[in-house]
Amino acid sequence: MRIAPGPHSAAWSELDAHARRLAAVPTRELFERDPRRFERFSRRAAGLLIDASRQHLDEMVFGRLLELPEAVDLAGYREAMWHGEKIDATEERSVLHVALRQGRGERVGGADIEREVLEERARMLAFAEGVRSGRIAGSDGRRFEQVVHIGIGGSDLGPAMAVQALAHHAHGGPDCAFVSNVEGCRLSDLLARADPHSTLFIVASKTFATLETLTHARTARQWLREQLGEAAVPRHFAAVSVNHRAMDSFGVHPEYRFKLWDWVVGRFSLWSSIGVSLALAIGAEAFEAFLAGAREMDAHFRAAPWAENLPVLLALIGVWNINFRALPTLAVLPYEERLARLPAYLQQLEMGSNGKSVTLEGRRVEWQTAAVIWGGPGSNAQHSFYQLLHQGSPRAALDLLLPARSSCGNEAQHALAIASALAQAEAFMTGYPSEAVRAEFELEGLAPARREALEPHKVQVGSRPSTLIAFPQLDPPALGRLIALYEHKVFTQGVIWGINSFDQWGVELGKRLADQLLPSVRDPAAQPAAAAGVQRMLEHLAAWRGGGSLTDI
Ligand code: F6P
């Protein structure tokens, strides 16, 4: 029997009442009442320190939030996932990304899955090391210096984010570039300067049927044929997919093919051979360390009580902000430029997973699911959109990510990043109340009329909730822990909201319509396949594309 979702639990209605109780209490007042908030609302485990003391909640709220995992039988769902039950009910699939990072003897998903995962990982890492050492080389024996990873969505965002995040661990590995968007310009820019002899293409696609990826892969293959001849192609293409037949017919050499399984959801697939570009970039040892970091977070998620469990805490804070405090967006703000692509990665992970509005039983949900994720590197963001975060009428919840040490050894400048992150978190929380503004005017000796005019503009109300996620340094295990932290957060929220976090039916309609429209885009005179409004737009675009002329509307 299925457990009712969190919004049907007794704790949920109590949380509603607490939200009303706290609405008029600024967070800074909660700090005045309880100077031990840091101790109370921060947790250190699995190499991370999460400080949630600036969230707009108190112990009573925290207590009720901690009832939610019990109310929805989170432990039961978590174990169901770990044991390979088909928790992705609409696709009738197991969801076993945790099996991808298992160590020998863990039997996650069963003995067969463990064996297959370890074998495939070993093959993939041997390939990566072969390329890095020059043992696996191009058709004329030249070393691969340039890797072009072709993929999109879950087959792109993870490797692209991680290769950038761990660039300082490359130690002589090939340059890895990523091609995803369908317009083709990125690939054409890359090919314009690539040396075909030293270029390796990776085609990463779970299905091997994705328009963008296959289009790019064909263009790249054609380019290579023209440059080096047909015989060279198999030496310059590797691929990762579930679809062996498609890899075959594309012409990928069996030794350069890597396996994926149906039970890996694309946006959780970085740990598999989809991460081959990361392995090429940082090498086998660092890739293993990345997996080990995730494994550490897995063990923590499975063993720690809810009140100490980092992914669960992040999930509960998110539920509090989204469902009770009307904060539908989460800005992800890393104070480490190398994590610049983390917000985009988390957009897919969180919004692709929990952007659903029916329960597992197919009933419409009456509560909000999933935050809108956005963000960017902290310092840049401070000089860009933080103005809105401090004083704008739309309000957002914030995750500030903060390594203690510099990833490039520039500790002096990194100190500035630490000061900035902590200062901003504090400013978001305290705000700048009228009394402080007036005291500043007093000191400046400002004329009364000027004071009156300026005061409302300078006041910051504060109580903008942020969570600080700190860790010693951005390295492979730390990145593994961080990503697994967010994965388990997403899973926990999905269970609380009573939805299936692992399907993605919503993206299919647009793909189908694009297929139907393509003939009319290519030949505007073709039998119209589009709705009237779309057809009219197509005519205008066709005129601009050189296919005729139109009068202005
Ligand atoms: O359109 C969404 C999606 O299906 C994602 O779930 C997936 O990660 C992406 O497209 C790419 O799919 P594939 O890996 O099969 O090319």
Side-chain angles (χ1 to χ4, degrees), residues 27 30-31 34-59 61-62 65-66 165-166 289-290 292-318 320-321 330-339 342-343 346 375 377-379 397-407 411 414-430 464-490 492:
T27 316
L30 299 177
F31 267 92
D34 178 9
R36 290 183 54 78
R37 277 181 71 83
F38 178 85
E39 286 72 18
R40 229 177 280 290
F41 298 116
S42 61
R43 298 287 182 275
R44 187 173 152 179
L48 298 175
L49 168 61
I50 294 192
D51 173 11
S53 61
R54 294 179 190 81
Q55 290 294 332
H56 195 238
L57 44 71
D58 60 10
E59 282 221 90
V61 170
F62 194 48
L65 285 171
L66 286 171
L166 298 176
F290 168 67
R295 220 155 44 228
E296 208 183 316
M297 184 54 69
D298 291 344
H300 167 77
F301 178 54
R302 266 184 112 183
W306 303 137
E308 307 299 323
N309 198 307
L310 302 186
V312 173
L313 292 179
L314 271 199
L316 295 177
I317 289 164
W320 173 243
N321 285 329
L330 173 69
V332 176
L333 308 162
Y335 278 78
E336 163 63 82
E337 169 136 8
R338 295 192 204 277
L339 287 174
L342 184 68
L346 294 180
S379 298
L398 319 169
D399 276 1
L400 282 75
L401 290 105
L402 181 60
R405 289 197 303 275
S406 161
S407 63
E411 296 303 341
H414 193 68
L416 304 176
I418 294 176
S420 300
L422 296 179
Q424 291 293 336
E426 200 59 11
F428 285 128
M429 188 275 287
T430 59
R464 272 35 182 176
S466 70
T467 300
L468 268 165
I469 302 173
F471 46 97
Q473 189 166 23
L474 183 61
D475 56 17
L479 187 68
R481 291 180 199 115
L482 261 182
I483 302 305
L485 168 82
Y486 277 100
E487 283 183 351
H488 295 319
K489 169 203 164 181
V490 164
T492 300

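Position 1 is the first residue of the sequence; numbering continues from there. Only a predicted model underlies this, so the values are computations on that prediction, with no experimental measurement involved.
- P472 and G47 make their closest contact through CD-O, 3.4 Å (heavy atoms, listed as atom of the first residue, atom of the second, distance).
- Among the candidates V61, L30, N321, the single residue satisfying the side-chain contact (heavy atoms from CB on, under 4.5 Å) test with H56 is L30.
- The structure places CG of L485 at 9.5 Å from CG of N309, a figure rounded to the nearest 0.5 Å.
- Residues passing the side chain to side chain contact (heavy atoms under 4.5 Å, CB included) test with T430, sequence neighbours excluded: E426.
- Taken from OG in S420 to CG in L400, the straight-line distance is 10.5 Å, to the nearest 0.5 Å.
- Evaluation of the salt bridge (Lys or Arg N to Asp or Glu O under 4.0 Å) rule for R40 yields D34, E59 as partners, not counting sequence neighbours.
- Side chain of H300 to backbone of A45: no donor-acceptor contact under 3.5 angstrom is found.
- Taking both residues in full, the closest heavy atoms of A404 and I418 are given as O-CD1, 3.4 Å, listed atom of the first, atom of the second, then distance.
- Taking every heavy atom of both residues into account, A425 and S466 meet most closely at CB-OG, 3.8 Å.
- Annotation: side chain of Y486 is in contact with side chain of I469 (closest heavy-atom distance under 4.5 Å).
- Atoms CD and CG, on E39 and D51 in that order, are 9.5 Å from each other to the nearest 0.5 Å.
- One distance of note links CD1 of I483 with CG of L342; it measures 5.5 Å at 0.5 Å rounding.
- In terms of heavy atoms, T27 sits closest to Q55 at CG2-O, 3.9 Å.
- For residues 464-481, the set of pairs meeting the salt bridge (charged side-chain N to carboxylate O under 4.0 Å, His left out) definition, not counting sequence neighbours, comprises E296-R481.
- When all heavy atoms are compared, the tightest approach of A417 to L402 is O-CD1, 4.2 Å.
- Applying the 6.0 Å contact sphere to CD of E337 captures no more than 12 heavy atoms from other residues, nucleotides or ligands.
- Interatomic distance, E308 CD to L313 CG, rounded to the nearest 0.5 Å: 7.5 Å.
- Counting heavy atoms of neighbouring residues, nucleotides and ligands inside a 6.0 Å radius, atom CZ of R44 does not exceed 12 of them.
- Side chain to side chain, H488 and D298 meet the donor-acceptor criterion of an N or O pair below 3.5 Å.
- When the salt bridge (Lys or Arg N to Asp or Glu O under 4.0 Å) test is applied to R37, no partner is found at least two apart in sequence or on another chain.
- The shortest side-chain heavy-atom distance between R54 and F41 does not fall under the 4.5 Å cut-off.
- Looking at W320, its side chain never comes within 3.5 Å of a backbone N or O of F62 through a donor-acceptor pair.
- Distance alone, capped at 3.5 Å, places no donor-acceptor pair between the D399 side chain and the V332 backbone.
- Smallest separation of non-hydrogen atoms from T467 and I50: CG2-CG2, 3.6 Å.
- Looking at L468 and L422, their side chains come closer than 4.5 Å, going by heavy atoms from C-beta outward.
- Taking 4.5 Å as the limit, every side-chain heavy atom of I317 sits out of range of all side-chain heavy atoms of L65.
- Put simply, the side chain of M297 does not reach to within 4.5 Å of the side chain of L482, judged on heavy atoms.
- With sequence neighbours excluded, the residues that form a side chain to side chain donor-acceptor pair (under 3.5 Å) with R338 are H168, S407.
- Between the CG atom in L339 and the CG atom in L401 there is a gap of 6.5 Å [rounded to 0.5 Å].
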#### Entry: Residues F301, L310; criterion side chain to side chain contact (heavy atoms under 4.5 Å, CB included); working and verdict
CA-CA 7 Å; F301 178 54; L310 302 186; over 6 Å; no
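- Using modelled atom types, one side-chain atom of E411 and one backbone atom of S406 make a donor-acceptor pair closer than 3.5 Å.
- Under the side chain to side chain donor-acceptor pair (under 3.5 Å) criterion, E487 pairs with R101, W271, sequence neighbours left out.
- Looking only at side-chain heavy atoms (C-beta outward), H414 and P403 come within less than 4.5 Å of each other.
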